[in-house]
Amino acid sequence: MVAISTHASPARPQVHLPRTWEQAADVLDACGPDASVAGGATYLMWQAAHGRPLPRHLISLHRIPGHAEVQAGSVGALASLRQVEQRAMSGAARALQMAASVAAGPSVRSVATVGGNLASGFAHADLVPALMALDARVHLHDDTSLPVEQLIEQLVDTRPDDLLMTRVTYNPGSAGDGWTGASVKLSRRGMDLSIALTAVALRVVDQRVAEARIAVGSLCDQAVRLKEVEASLLGTEASAEAVTAIVCDEHLQHLPFRDDGETTAAYRRCVAAPVVRRAVNVALRLGPHSTPQAGDARI
Amino acid sequence: MTDLRLNGRSVSVTSDPSAPLLDVLRDEIGDMSAKPGCREGRCGACTVLLDDAPVLSCLLPLYRAADGEVTTALVDDGDGRLGEVRAAFARAGAVQCGVCTPGMMIAAQALLDERLAASRAEIRERLVNNMCRCTGYTKILDAVESLSTSEPSAPAAEPFHRDDVAAKVRARATYGVDLEAPHALVAGLVRSGVPCGRVTRIDTSRAEAMPGVTVVTAADFPVSRYGIVVRDQPPLAADQVLFTGEPLVAVAAPDAGTLAQAIAAVKVDIDEGQGVYDVESALAPDSPRLHPGLQDYELSVPTEREGNVCGRSTVETGDVAAAFENAALVVEGRYVTPRVHQGYIEPRACLATVAEDGGFHVTTSTQNPFQVRATLSTLLDMPEHRIRVTASTVGGGFGGKLEVTFEHFACLLARKSRRPVKMVSSRAEELAAANPRENAVVFIRSAVDAEGHIVGREVDCLLDAGAYAHDTPFICAVASLQGTGPYRIDNARSTAVAVYTNSQPTGAYRGPSGPQMVLAVEAHMDEIARRLGVDRIELRRRHFFRDGDVALNGQVIEEPTVAECMNRALKAIDYDGSRASDRGVGVACAWWTTTGGPASATARLESDGSIGIVTGATEIGSGALATGVVHLAATAMGVGPQQVSLASTGDTATSSFDFGAQGSRTTFNVGNAVLRACDGVRQQVLEEAAHLLEAPVDDLEIADGSVRVRGVADVAVSLAEVATGALGRTGPIHASAPYVVPPTDFDSSRTGPQHFYPTFNSPSFHCHAVEVEVDRETGQVRIVRYVAAQDVGKALVPPAIEGQIHGGVLQGIGLSLYEEESLVDGVVSNASLDGYKLPTVMESPPIDCLLVESPSAHGPQGAKGVGEPPIIVPAAALVSAVADATGQQTTRLPMTPERVLQHLHGEVTT
C-alpha cells in the first residue's frame with residue numbers, strides 16, 4: 001500500500017425493511033452471506049464511518065411490531081438501550097439498567113438495540129456482562145433459545161448476522177428475595193468504550209452473600225463469568241471490607257486480557273480485581289431497592 | 001424516494017435509504033444545522049431529535065429516520081423548548097465558535113423535555129455525547145442548569161452581549177463546512193501511505209478519464225517549494241514523500257462517491273526508505289537527513305539550519321558555566337510532552353471560485369485570511385490583489401487554521417475544471433495530516449547556591465517539527481524566552497531547536513510551546529524544592545520577578561503580578577487545608593505574551609445611530625471581536641454593546657491588513673485600532689452635532705446614544721439624527737485607523753540579532769492551583785477543583801474572559817491527562833475521535849477564575865491578551881498535584897491511568 005485515501009464513500013447496500021420475522025428470515029435466506037441484520041444499525045454505521053464496507057444487503061428489523069418491551073425478566077431484542085436505561089429496576093435486574101446507562105453515549109442509546117448489542121460480537125458490548133450475570137437466555141425467531149454465554153461463544157465462529165433475536169429473558173433476581181445488582185464501568189472518558197465493565201447479581205441473606213453471579217466485559221475479547229470469584233464470595237459477610245479481602249488479583253490473573261486502542265492488557269490486568277470489588281460494593285451499598293444516582297455506574 | 005417528517009413538515013428525498021441522515025439533511029435538503037464534526041459518532045455536532053430522543057445523524061440511516069419525526073436546530077421556536085434553550089445559551093455565554101451549539105442545544109432540549117429537574121451531574125451524563133472545544137463546558141452546564149428546576153448550584157449569569165450569538169444559537173451561521181456554490185465540485189487528496197520513500201510512479205490517467213473528474217499534480221504548480229520560514233515543502237509531493245499522509249495528487253469530482261472512486265483510481269508507487277521518527281535520534285550525527293538539500297532551499301526569513309535542524313533560538317545572559325562550576329547543588333530534569341491536536345470541532349474547509357479576471361475568491365475557515373492570501377500568492381504565482389480570501393464563520397481554530405491548508409489545491413482544481421471547488425478535511429486527515437502541537441523533549445538543569453538560590457539555568461527544548469519546518473522555527477523563538485519562567489535567574493541559557501522527523505509537520509496551537517516549557521520549568525522548580533527540602537511555594541517566592549527586574553532577554557519587568565496571582569490561587573484552593581491521603585494540590589506559575597502585529601479598523605456611524613466596525617481581523621469564536629472589540633467601541637461611542645455590530649470581518653477585499661487571530665492579540669491590537677477609529681468618528685459626530693445643536697463642540701458630550709450639551713437638560717440630538725444630518729452635509733461619518741504596538745526594549749546581545757520573537761509584549765502573569773484525587777488502584781486522576789488566577793490587565797467583559805479561561809484550562813487538562821497522537825514510526829495510530837481523546841463534559845472540573853487586574857500601558861483600556869495563557873499552565877499544575885498526592889513526579893504526558901499506575905508501582909519508562 002503506497003497511497004491512502006481518507007475520502008471513503010462506501011458502496012450503498014440494498015435496504016430491506018421486513019415487517020415480520022418470517023419476511024426477515026426469507027430475505028436472510030435469499031441474500032445469504034451478503035446480508036447483515038440490523039436493529040438500530042448504529043454499530044454498522046459506526047463501522048462504516050471507520051472504513052469498513054457496508055454489507056450488500058441490510059435487513060433492518062425496526063419495523064417488525066412488538067419485541068421492544070422492557071419488562072421484569074424480559075427485554076425485547078428491538079428495545080433501545082435508552083428504554084432499558086429508563087426503566088426503573090431493582091434487585092439484580094438493576095445491573096442491566098446500569099449497564100445500559102453507560103453504554104456508548106445517550107445519543108447512540110436512543111437508537112441502538114438490545115439485540116444489536118448482543119449480536120455485535122463486540123468486545124465492548126456493555127449489556128453482555130449484565131445479561132450474563134442475570135443468567136439470560138436469548139430467544140430466536142424460530143422459537144429456539146440459548147444461554148447468552150453460549151451465544152457469545154458462538155459469535156466467535158458464527159456470523160452474528162445469521163441470528164434473528166426476538167427477545168432476551170433473564171432471572172430478574174427480585175429485591176424481595178434479597179437480590180441486589182449493579183454494573184460498574186471503567187473507561188478513559190465518559191463515553192469511551194469500556195476498559196472493563198463488571199456486572200454483579202448478589203443475593204444477600206442475613207448479611208451474608210447467599211448467591212453470586214458476576215461477569216466482566218471488555219477485559220478480554222469476550223465477556224466472561226467469574227465463577228471462581230462467585231464461589232469465593234458465597235457465605236461471606238456482605239460488607240466492603242469483606243469483599244475487599246476476598247476478591248483479589250489471583251482470581252483474575254488467568255484471564256486472557258485484551259490489548260486495544262483503549263489501553264493495554266497489562267493495565268487491564270492491574271485493574272481487573274479493583275473493578276470487580278467496586279462493582280460488588282456498589283451492589284451492596286445500593287441494596288435491593290435503591291435507585292442508582294448519576295455516577296454510580298462509573299469508576 | 002423516501003418521505004421524511006422534518007421540523008413539522010413533510011419532505012421527500014431521493015438519497016439512498018442507507019445514507020446517513022446527516023448527508024441527507026445537508027446535501028439534499030439544505031438544512032446545515034447539523035454539523036459534520038467527525039462523521040464517526042463521537043463529537044455530537046450532528047445531533048438531531050428523532051421523535052423526542054437525541055440521535056447522531058451521522059450514524060442514523062435515512063430509512064430509520066423516515067419512521068419518526070426529525071427535529072433539527074432550525075425548527076421554529078414556537079414548538080417545544082428550544083427557544084428557551086437558545087436564550088439560555090446566549091445569556092450564559094455558552095457559545096463561542098458555535099459549531100457544536102446546534103447539536104448541544106438539541107441534546108439539552110431532549111434532556112429538559114424528559115427531566116426538567118435534572119441535576120448538574122445528570123446534565124453531564126446527558127451531554128456527554130456532545131463535544132465542545134471552546135468553552136470547557138462550564139457555561140454550557142450553567143445554561144442548561146438555569147432552565148432546570150432542580151436546586152441551582154450556580155447563580156444566574158448576568159446577561160452579556162455577543163455580536164455573533166444570534167446567528168449561532170439559531171443555527172444560521174455559515175461555517176466553512178457549510179459553504180455552497182452552484183455546480184461546485186468536491187475535492188480530496190491522494191496521500192502517501194508510507195512515512196518515507198522515493199516516488200517512482202504517479203499515474204492519474206484512469207482518474208482523469210472519469211467523467212467530471214479533474215486532477216492536479218505537482219507539475220501544475222508554478223513553484224516547487226514553499227514555507228513560512230524555510231521553503232522546504234512541495235505543494236504536492238513528486239519525487240519523494242517524507243510523512244505518511246503527505247499529499248501527492250489533488251482530485252475533484254462532481255460528488256463524494258465519484259471522488260472516492262477517482263482517488264482510488266490514482267496509482268502511486270513508492271520505494272519505502274529509512275525514516276527517522278524521534279527528535280533525539282534525528283539529531284544523531286549518523287541519522288538519515290530528511291532534507292539533504294536544506295542549505296540550498298530559499299528562506300522566507302533567516303533561520304539556522306543544519307542536518308535535521310530547521311530552526312534554533314537561544315537567549316543567554318550572565319556566566320552560566322561559572323554558575324554551575326560554583327554550585328552547591330545541581331538539579332536536572334527531562335520532560336516529555338506529546339503531539340496534540342488543536343481539536344477544533346469544525347474540520348478545515350474551503351470553497352474556491354475563479355473570479356471573472358482569472359483571479360480567485362477563496363472562502364475558508366481561517367484565522368488569518370491575509371496570511372492565506374500571501375501564501376496563495378506565492379503558490380499560485382499571482383499578485384495578492386487578484387486573490388480575495390474571505391473567512392467563513394470559523395468552528396474553532398486554536399492556531400490550527402492560521403496557514404494555507406488546501407486552499408491552493410482548491411484554486412488550481414477550480415481553474416482547471418472551471419467550476420467552484422469545495423474541500424473539507426476528514427477527521428482522520430485532521431488528526432494524521434494537519435499541523436498539531438509539537439511533541440517535545442525538554443532538558444532543564446539548574447545550579448543552586450548554598451543559600452538555596454537558583455544561580456544558573458540551562459534549558460534545551462527539542463521541538464519535533466515533523467517533515468517540514470512550517471512555523472516551528474517561530475515557535476522555538478517563543479520557547480526560548482520561557483527557560484527561566486517568571487523568575488529572576490541571573491545566569492541562564494535557554495535554547496529551543498526545531499527538528500525534522502518523518503512525521504506530519506507540526507505547528508501553532510494556542511500558547512505555542514507554552515505547555516511544554518511551563519511544565520519543564522515548574523516541575524523542575526518543584527524538584528529543586530524537594531532536593532533543597534524547602535517549601536515549593538517559598539522557593540517560588542524567593543525567585544519571582546519583582547518590579548524593575550530584568551528578564552532573560554533583557555526586557556525590564558514592570559509591576560509583575562505573579563505573586564498576587566499565587567497568593568489568590570493558594571487562598572482559593574485552601575492550600576494549607578488538611579486533605580485525605582489520596583489527594584494532592586499542585587501549583588504552577590507562568591508569564592506570557594500579548595502578541596503584537598499590525599491591525600486596522602474602520603468605525604462608521606450608521607444611519608440608525610449604531611456603530612459598524614469593519615476590520616480584517618477574524619472572529620474565531622474567542623469573542624475577541626464579538627465581545628472585546630464591541631465593548632471597546634461601545635464604550636468609546638457612548639452606546640450599549642447592542643448598538644455595535646461587526647459589519648465586516650476577515651475579508652481581504654473589504655478591509656486593511658490584520659496579522660490574524662493568533663497570539664492572544666486580537667482585542668489588544670484591533671481594539672486599539674478601533675479606539676483610534678472611534679476617536680475620529682467621535683470628532684465628526686461632535687462637529688455635526690455642534691452644527692445641529694448650534695453649540696460649540698467643546699460644550700458637547702456623547703452618552704447613551706445621543707450628543708448633548710453638558711449641563712443643559714433636553715438639549716440633545718440622537719446619534720441617528722447626527723448620522724442622517726451628516727449624510728446631507730459632510731457625508732457619511734466614518735474613520736479608519738491603523739495600529740501597531742510600540743516595540744518593547746530588550747538586549748539583543750542576549751537574543752542574537754535574528755531572534756524571531758525577542759520580547760513578551762505587555763506580559764501577563766498567572767498562577768493555577770489544582771486539587772486532585774488519585775485512585776491508587778486504577779491510576780485515574782480526578783480533579784476535585786481548579787483555580788486559575790490570571791492577570792488580564794483590565795477585565796473588559798468578565799464573562800467572556802471566564803469562557804476563555806474555562807476553555808483553555810480544559811484544553812490544558814486534555815493534554816495533561818487524555819490527549820496524545822500516538823506515533824508509531826511517525827504514523828498517527830489513533831486518528832479518530834475514538835482514539836484521540838478530547839475531553840468531554842464528564843472530564844470538565846469546576847474551575848474558579850480569578851481575574852487579576854494590572855493595566856497594560858498600551859492595552860486598550862489597559863487590557864492584555866487573555867486567550868492563550870489558560871492552556872499553558874494546567875500541565876505543570878497537574879503534574880505538581882499528582883506528585884503531591886503520590887510522592888512521585890511524572891515526567892511524561894499525558895498522565896494516563898496506566899502511566900500513573902506505573903509510577904505508583906515503580907515501573908517508570910521515559
Side-chain angles (χ1 to χ4, degrees), chain A residues 1-15 17 38 40-42 44-46 48-51 54 58 60 62-63 80 82 86 101 104-111 186 188-193 195 261-264 266-267 270-271 273-275 277-278 293-295 298-299, chain B residues 16-20 39-41 44 47 50 53-56 58-61 63-64 67 107 119 121-122 124-126 128-129 188 190-194 197 245 248 256-257 259-260 263-264 266 268-270 426 428-429 777-778 780 818 830 832 834-835 837 839-843 897-898 901:
Chain A
M1 182 67 181
V2 293
I4 56 171
S5 165
T6 55
H7 286 266
S9 185
R12 292 288 160 203
Q14 184 177 349
V15 175
L17 303 172
T42 52
L44 271 180
M45 296 291 279
W46 181 77
H50 287 77
L54 287 165
L58 193 159
S60 178
H62 76 282
R63 284 188 177 170
S80 70
R82 182 170 184 251
Q86 289 180 318
S101 75
S107 303
V108 174
R109 298 197 292 271
S110 302
V111 181
L186 175 68
R188 287 288 307 280
R189 298 173 301 175
M191 65 174 178
D192 274 334
L193 301 175
I195 289 172
E262 294 302 307
T263 192
T264 62
Y267 178 74
C270 286
V271 299
V275 173
R277 282 197 292 267
R278 293 186 197 196
Q293 302 299 304
R298 298 183 189 278
I299 294 176
Chain B
D16 188 278
S18 71
R39 293 186 175 276
E40 55 189 35
T47 304
L50 179 62
V55 295
L56 302 172
C58 70
L59 296 186
L60 190 74
Y63 70 79
R64 184 71 180 80
D67 284 351
S119 67
E122 290 169 318
R124 285 180 190 275
E125 288 276 358
R126 291 296 295 271
V128 71
N129 246 143
V190 178
R191 294 178 179 274
S192 171
V194 299
L248 289 150
L259 174 62
I263 286 176
V266 174
V268 179
D269 290 335
I270 302 174
S426 70
E429 284 178 299
E777 290 188 317
T778 66
Q780 289 177 305
Y818 305 102
N830 58 339
S832 79
D834 292 317
K837 300 197 179 298
T840 75
V841 68
M842 299 288 281
E843 287 75 54
E898 184 162 9
L901 268 195

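Throughout, a chain's letter reflects where its sequence line sits, starting with A, and its residues are numbered from 1. Treat the numbers as computed from the prediction; the structure is a model and nothing was measured.
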Counting heavy-atom pairs under 4.5 Å to chain B, which of Met191(A), Gln86(A), Arg298(A), Arg189(A) comes out on top?
Arg189(A)
Chain A heavy atoms under 4.5 Å from Glu125(B): which part of the residue, side chain, backbone, both or neither?
both
Taking Pro839(B), Ser119(B), Ala53(B), Ser18(B) one by one, which has the highest count of heavy-atom pairs under 4.5 Å against chain A?
Ser18(B)
Given heavy-atom pairs under 4.5 angstrom as the criterion, report whether the side chain, backbone, both or neither of Asn830(B) touches chain A.
neither
Residue list, side chain to side chain contact (heavy atoms under 4.5 Å, CB included) with Ala104(A), at least two apart or on another chain
Val108(A)
Of Val275(A), Val271(A), Thr42(A), Leu44(A), the largest count of non-hydrogen pairs under 4.5 angstrom with chain B goes to Val271(A)
Can you tell me which portion of Arg64(B) sits under 4.5 Å from chain A's heavy atoms? Options are side chain, backbone, both or neither.
both
Among the options Leu54(A), Leu193(A), Asp192(A), Thr263(A), pick out the one with the most heavy-atom pairs lying under 4.5 Å from chain B.
Asp192(A)
Name the region of Ile299(A), side chain, backbone, both or neither, that has any atom closer than 4.5 Å to a heavy atom of chain B.
both
Contact part of Ala121(B) toward chain A, heavy-atom cut-off under 4.5 Å: side chain, backbone, both or neither?
both
Greatest number of heavy atom pairs closer than 4.5 Å to chain B - which of Ala266(A), Gly105(A), Ser101(A)
Gly105(A)
Out of Leu901(B), Leu60(B), Val128(B), return the one with the most heavy atom pairs under 4.5 angstrom to chain A.
Val128(B)
Go through the steps for Ser80(A) and Val111(A) under the test side-chain contact (heavy atoms from CB on, under 4.5 Å), then give the verdict.
CA-CA 6 Å; Ser80(A) 70; Val111(A) 181; over 6 Å; no
Between Thr778(B) and chain A, with a heavy-atom cut-off of 4.5 Å, which part of the residue counts as in contact: side chain, backbone, both or neither?
both
Mind checking the CD-CE spacing from Glu40(B) to Met45(A)? Nearest 0.5 Å is all I need.
13.5 Å
What part of Gln293(A) gets closer than 4.5 Å to chain B, counting heavy atoms only: side chain, backbone, both or neither?
neither
Heavy-atom closest pair (Ser60(A) atom, Leu17(A) atom, distance to 0.1 Å) is CB-CD2, 3.7 Å
Heavy-atom proximity to chain B below 4.5 Å, by part of Ile195(A)
neither
Which one of Pro13(A), Ala41(A), Pro106(A) has the most heavy-atom pairs closer than 4.5 Å to chain B?
Pro106(A)
Using a strict cut-off of less than 4.0 Å between a Lys/Arg side-chain nitrogen and an Asp/Glu carboxylate oxygen, indicate whether Glu843(B) and Arg188(A) qualify as a salt bridge.
no
Taken to the nearest 0.5 Å, the spacing of Arg63(A) CZ from Tyr63(B) OH works out to 10.0 Å
Which pair of heavy atoms, one from Val15(A) and one from Pro17(B), lies closest together, and at what distance?
CG2-CB, 4.1 Å
Could you tell me which portion of Thr47(B) (side chain, backbone, both or neither) has an atom closer than 4.5 angstrom to a non-hydrogen atom of chain A?
side chain
Could you tell me which of Gly835(B), Gly41(B), Pro61(B) has the largest number of non-hydrogen atom pairs under 4.5 Å with chain A?
Pro61(B)
To the closest 0.5 Å, what do you measure between OG (Ser107(A)) and CZ (Arg82(A))?
9.5 Å
About how many Å separate CG of Leu50(B) and OG of Ser110(A), when rounded to the nearest 0.5 Å?
8.0 Å
Heavy-atom proximity to chain B below 4.5 Å, by part of Thr264(A)
both
Among the listed options Met842(B), Glu777(B), Arg39(B), Lys837(B), the residue most often paired with chain A at heavy-atom distances under 4.5 Å:
Lys837(B)
Between Gly40(A), Ala38(A), Ala49(A), which shows the greatest number of heavy-atom pairs under 4.5 Å with chain B?
Ala49(A)
Drop me the distance from Trp46(A)'s CH2 to Leu56(B)'s CG, to the nearest 0.5 angstrom.
13.0 Å
Any heavy-atom pair between the side chains of Arg191(B) and Leu248(B) that's under 4.5 Å?
no
Ranking Ser832(B), Gly44(B), Pro20(B), Ala107(B) by heavy-atom pairs under 4.5 Å to chain A gives rank one to Pro20(B)
